[in-house]
There are 2 protein chains.
Amino acid sequence: MSRVTIAEVASAAGVSKTAVSFAFNSPERLGQATLERVLGVAQDLGYTPHPAARALSMRRSGTIGVLIPQRLSTVFANPFLGELIQGLGELCEEHDLTLLLVPPLNGSLEGAIRQASVDGFISLGLSPDDSALAVLDRIGIPTVLIDSEGSPAHPAVNVDDAGGARAAAGHLLELGHRQLAILVLPPARSQVHSTPTAVRRLAGYRAAITEAGVPAPHSVIAGISVAAGARAFDSLPKGKHRPTGVLAMSDMAAIGVVTAAQASGLLVPDDLSVVGFDDVPASAWTNPPLTTVRQPIVEKGRMAARLLIQSMKGKSVESPAPLSTRLIVRSSTAPVRNLDLRINGR
Amino acid sequence: MSRVTIAEVASAAGVSKTAVSFAFNSPERLGQATLERVLGVAQDLGYTPHPAARALSMRRSGTIGVLIPQRLSTVFANPFLGELIQGLGELCEEHDLTLLLVPPLNGSLEGAIRQASVDGFISLGLSPDDSALAVLDRIGIPTVLIDSEGSPAHPAVNVDDAGGARAAAGHLLELGHRQLAILVLPPARSQVHSTPTAVRRLAGYRAAITEAGVPAPHSVIAGISVAAGARAFDSLPKGKHRPTGVLAMSDMAAIGVVTAAQASGLLVPDDLSVVGFDDVPASAWTNPPLTTVRQPIVEKGRMAARLLIQSMKGKSVESPAPLSTRLIVRSSTAPVRNLDLRINGR
DNA sequence: GATCGCCTGTAAACCGTTTTAGTAAATCGG
DNA sequence: CCGATTTACTAAAACGGTTTACAGGCGATC
């Protein structure tokens with residue numbers, strides 16, 4: 001019933017535990033004959049080293065943790081995380097690492113961190129003042145941040161959120177839109193602070209809009225799911241103050257407003273222009289294909305994993321320059337149509 | 001530099017290691033005064049129990065492993081896994097478990113299994129004769145299979161693949177299609193065997209087609225990515241023997257076919273009908289929205305996790321009845337148009 | 001022929017927890 | 001006031017590996 005231990009193999013083969021350990025980890029330290037005998041006995045008994053024991057003894061577990069600030073049951077509704085993991089996965093494969101997903105355990109990310117037996121952490125979208133970061137510091141475990149403010153202690157991988165947002169807003173403004181709405185990302189964990197990403201994107205949108213001398217946009221918080229985007233559309237002003245363009249901070253939310261708008265009888269992009277953020281693959285197949293800001297998600301994952309692995313080897317690493325973003329114009333945006341709306345602008 | 005151990009806390013607080021352990025795990029066994037003192041000292045020192053040591057001692061790690069037969073860098077290209085994890089995640093949250101992703105380590109799933117410190121495994125799409133299953137048996141770790149043949153040893157969660165496939169093929173046949181193509185799922189790991197899922201779906205397609213007395217379909221292997229689907233379309237016969245209907249075993253492959261067909265000047269569904277499998281959320285937003293077979297992916301994950309957790313508690317569990325599948329007719333399928341093709345049928 | 005070094009193999013310490021078995025003091029019933 | 005519980009705490013033994021330090025045998029070297 002219980003699993004086979006190294007001691008049982010040792011006694012069955014008539015050698016010491018050390019010999020068995022050597023057989024697997026330093027075969028060259030054993031004679032040909034004993035090596036084969038030990039390996040044979042181990043095989044017959046179905047011996048497998050206990051991973052926790054091994055991790056304790058070797059001070060390394062062979063896994064890296066991904067700190068997720070949201071619940072597992074919702075976070076994968078956005079393809080973002082899946083794509084990021086593709087990037088992380090590439091490096092993990094190279095280095096024989098597995099990936100542990102660490103979401104909050106009954107609301108507490110700190111508790112989850114303690115429980116996780118990992119050699120390093122990659123954290124997603126944490127505010128710089130999140131208490132989880134303090135815990136990571138205490139433990140002194142290598143950590144790389146994604147979509148956060150970097151600090152001397154922890155390198156951070158970021159993209160040019162503000163620039164991308166500015167380009168998105170600029171695009172709508174060029175098309176003549178004057179009444180805009182912004183779909184803001186919800187705060188990640190604490191109710192009080194938005195994620196650094198949301199802050200930067202919002203700043204980009206706002207900067208472009210105020211520079212153009214256009215009235216302040218209507219903004220509404222929307223989760224990263226399609227359903228949340230649809231709800232956000234429903235809560236937008238109707239009639240005279242109806243926005244003609246919406247800037248969403250995620251593609252999923254953008255798709256939600258597109259479908260909700262279509263369901264309410266509006267045409268996209270004729271009656272309403274929508275631009276997303278991220279450029280997840282699905283954005284290219286939607287109806288209409290989505291205009292959005294591309295960020296290199298997979299590359300972001302690769303880079304974070306690369307830095308973390310460096311850091312786990314003891315080397316000190318710096319935050320790299322933000323990766324660049326780019327506006328991808330597809331078919332969910334068009335020149336503003338309704339003339340009487342346009343004359344309200346300047 | 002190094003992390004704080006229980007012994008350091010004990011000596012700093014002037015008590016035994018046992019007392020410190022009690023302070024955290026059985027506070028009622030300590031006097032009020034010492035409890036507070038120990039907790040205070042631990043807090044000051046920033047003590048956190050070593051997860052591997054804890055796992056070794058308690059014989060439980062608080063994580064469950066997801067055995068993935070493909071590389072991490074590609075498997076998330078299909079939303080299937082993300083959705084499944086949503087279901088698993090719900091149960092994990094309830095039971096304070098984290099999720100370890102276990103892909104093959106340099107080609108070997110067996111090696112990855114050994115390295116993983118988990119309390120149970122959920123395995124995806126393994127053939128009944130995969131050697132990884134043998135390893136799981138040796139270790140004697142609770143395991144639940146998804147999309148595999150169940151065995152007395154391991155319960156399996158499945159859906160009615162054959163029925164769904166039959167419905168999909170029947171739908172195309174009813175629409176008058178007589179020249180069909182099938183996009184087969186690639187084998188998961190070994191080059192020789194297909195996954196049980198692929199086998200069952202293929203059987204369903206074939207049964208419906210031969211019962212209708214229609215010529216055998218052209219079949220081509222296509223990965224689960226959009227790009228693979230597009231390549232598959234390109235390899236289909238052109239001209240006179242061009243299929244008018246395609247049965248894909250995944251939505252991503254179906255989307256690939258649709259986009260490739262559109263790029264080559266064909267109209268979907270007018271010139272080509274396409275039906276997918278899975279009904280991932282994105283299928284509803286594509287252009288055109290995809291006709292597909294819905295399987296309850298999230299529920300599949302929930303059920304598998306529920307069974308595994310039962311099994312980890314020592315209860316014995318049975319394979320549940322296959323979950324039902326349902327054809328969702330959207331707009332990627334239409335009656336066959338080209339008359340001169342139809343007269344070749346009977 | 002003694003010395004050196006290499007080749008095999010082992011005993012014991014160590015990794016950092018939890019848990020079992022037990023002890024001394026305090027409390028209790030009678 | 002005495003034996004039986006209860007309370008508060010501890011020493012030591014797991015848990016299952018790896019690693020360090022060392023020992024015996026044997027051929028080569030001088």
Side-chain angles (χ1 to χ4, degrees), chain A residues 1-39 41-42 45-62 114-119 138-141, chain B residues 1-39 41-42 45-63 111 114-119 138-141:
Chain A
M1 192 68 228
S2 171
R3 77 189 283 159
V4 180
T5 75
I6 200 174
E8 304 180 44
V9 176
S11 80
V15 295
S16 68
K17 294 194 309 178
T18 311
V20 180
S21 180
F22 281 163
F24 287 97
N25 305 315
S26 333
E28 74 280 1
R29 293 210 42 183
L30 254 36
Q32 182 72 10
T34 27
L35 175 58
E36 283 172 10
R37 178 160 40 94
V38 170
L39 254 25
V41 170
L45 266 45
Y47 168 70
T48 275
H50 192 298
R54 202 156 206 272
L56 175 60
S57 187
M58 310 207 335
R59 289 181 201 72
R60 109 168 210 120
S61 62
R114 290 184 227 273
Q115 195 161 123
S117 180
V118 301
D119 298 332
R138 305 229 88 137
I139 306 184
I141 195 167
Chain B
M1 192 70 230
S2 172
R3 79 187 282 160
V4 181
T5 74
I6 201 174
E8 304 178 46
V9 176
S11 81
V15 294
S16 69
K17 295 193 308 179
T18 311
V20 180
S21 180
F22 281 164
F24 287 96
N25 304 316
S26 334
E28 73 281 1
R29 296 203 44 180
L30 252 38
Q32 181 72 11
T34 27
L35 175 58
E36 283 172 9
R37 179 160 40 94
V38 170
L39 255 24
V41 170
L45 264 47
Y47 167 69
T48 275
H50 192 298
R54 202 157 206 271
L56 176 60
S57 188
M58 309 208 329
R59 289 180 202 71
R60 100 164 219 127
S61 61
T63 100
R114 291 183 226 273
Q115 195 160 122
S117 180
V118 301
D119 298 332
R138 307 228 85 139
I139 306 184
I141 195 169

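Every chain is numbered from 1, with letters handed out A, B, ... down the list of sequences.
When heavy atoms are screened at a 4.0 angstrom cut-off, B:T48 is found touching the sugar-phosphate backbone but no base atom. Within 4.0 Å (heavy atoms only), A:Y47 reaches sugar-phosphate atoms of the nucleic acid but no base atom. At the heavy-atom level, A:L56 lies under 4.0 Å from base atoms of the strands shown. Counting non-hydrogen atoms under 4.0 angstrom, A:V15 reaches the backbone sugars and phosphates but no base. Nucleic acid contact class of A:V4 (heavy atoms, under 4.0 Å, all strands): sugar-phosphate only.
A distance-only check finds a donor-acceptor pair linking the side chain of B:S61 to the backbone of B:S117 [under 3.5 Å]. Judged by distance alone, the side chain of B:D119 and the main-chain N or O of B:G62 form a donor-acceptor pair under 3.5 Å. The backbone N or O of A:E28 sits nowhere less than 3.5 Å from a side-chain atom of A:S26 that would complete a donor-acceptor pair. Using a distance-only test at 3.5 Å, with no hydrogens or angles considered, no donor-acceptor pair links the side chain of A:S57 to the main chain of A:R54. Not a single donor-acceptor pair under 3.5 Å links the side chain of A:R114 to the backbone N or O of B:P49.
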Original post:
After noting the C-alpha distance and the side-chain angles of A:L35 and A:F22, does the key distance pass the side chain to side chain contact (heavy atoms under 4.5 Å, CB included) rule?
Top reply: CA-CA 9 Å; A:L35 175 58; A:F22 281 163; over 6 Å; no

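Relative to the side chain of B:A53, the nucleotides C:dT17, D:dG17, C:dG9 differ in distance, and C:dT17 lies closest. Comparing D:dT10, C:dG16, D:dG17 by their closest approach to the side chain of B:A19 singles out D:dT10.
Interatomic distance, OG1 of B:T5 versus NE2 of B:H50, reported as 10.5 Å (0.5 Å rounding).
When the P atom of D:dG16 is taken as reference, atom CD1 of B:I139 falls 14 Å away, rounded to whole Å. When the C1' atom of C:dT18 is taken as reference, atom CZ of B:R59 falls 9 Å away, rounded to whole Å. The CD atom of A:Q32 sits 16 Å away from the C1' atom of C:dG9 (whole-angstrom rounding). In this structure, the CD atom of A:E8 is 13 Å from the C1' atom of D:dG17, given to the nearest Å. As rounded to whole Å, 18 Å separates atom P of D:dG17 from atom CZ of A:R60. Going from atom CG of B:L30 over to atom P of D:dT7 covers 14 Å, rounded to whole Å. The distance from atom CZ of A:F24 to atom P of D:dT19 is 15 Å, rounded to the nearest whole Å. In this entry the distance linking CD1 of B:I6 with P of C:dG16 reads 11 Å, nearest Å.
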Original post:
Quick one: what's the B/S/- string for nucleotides 19-26 of chain C, heavy-atom cutoff under 4.0 Å, read 5' to 3'?
Top reply: BB------

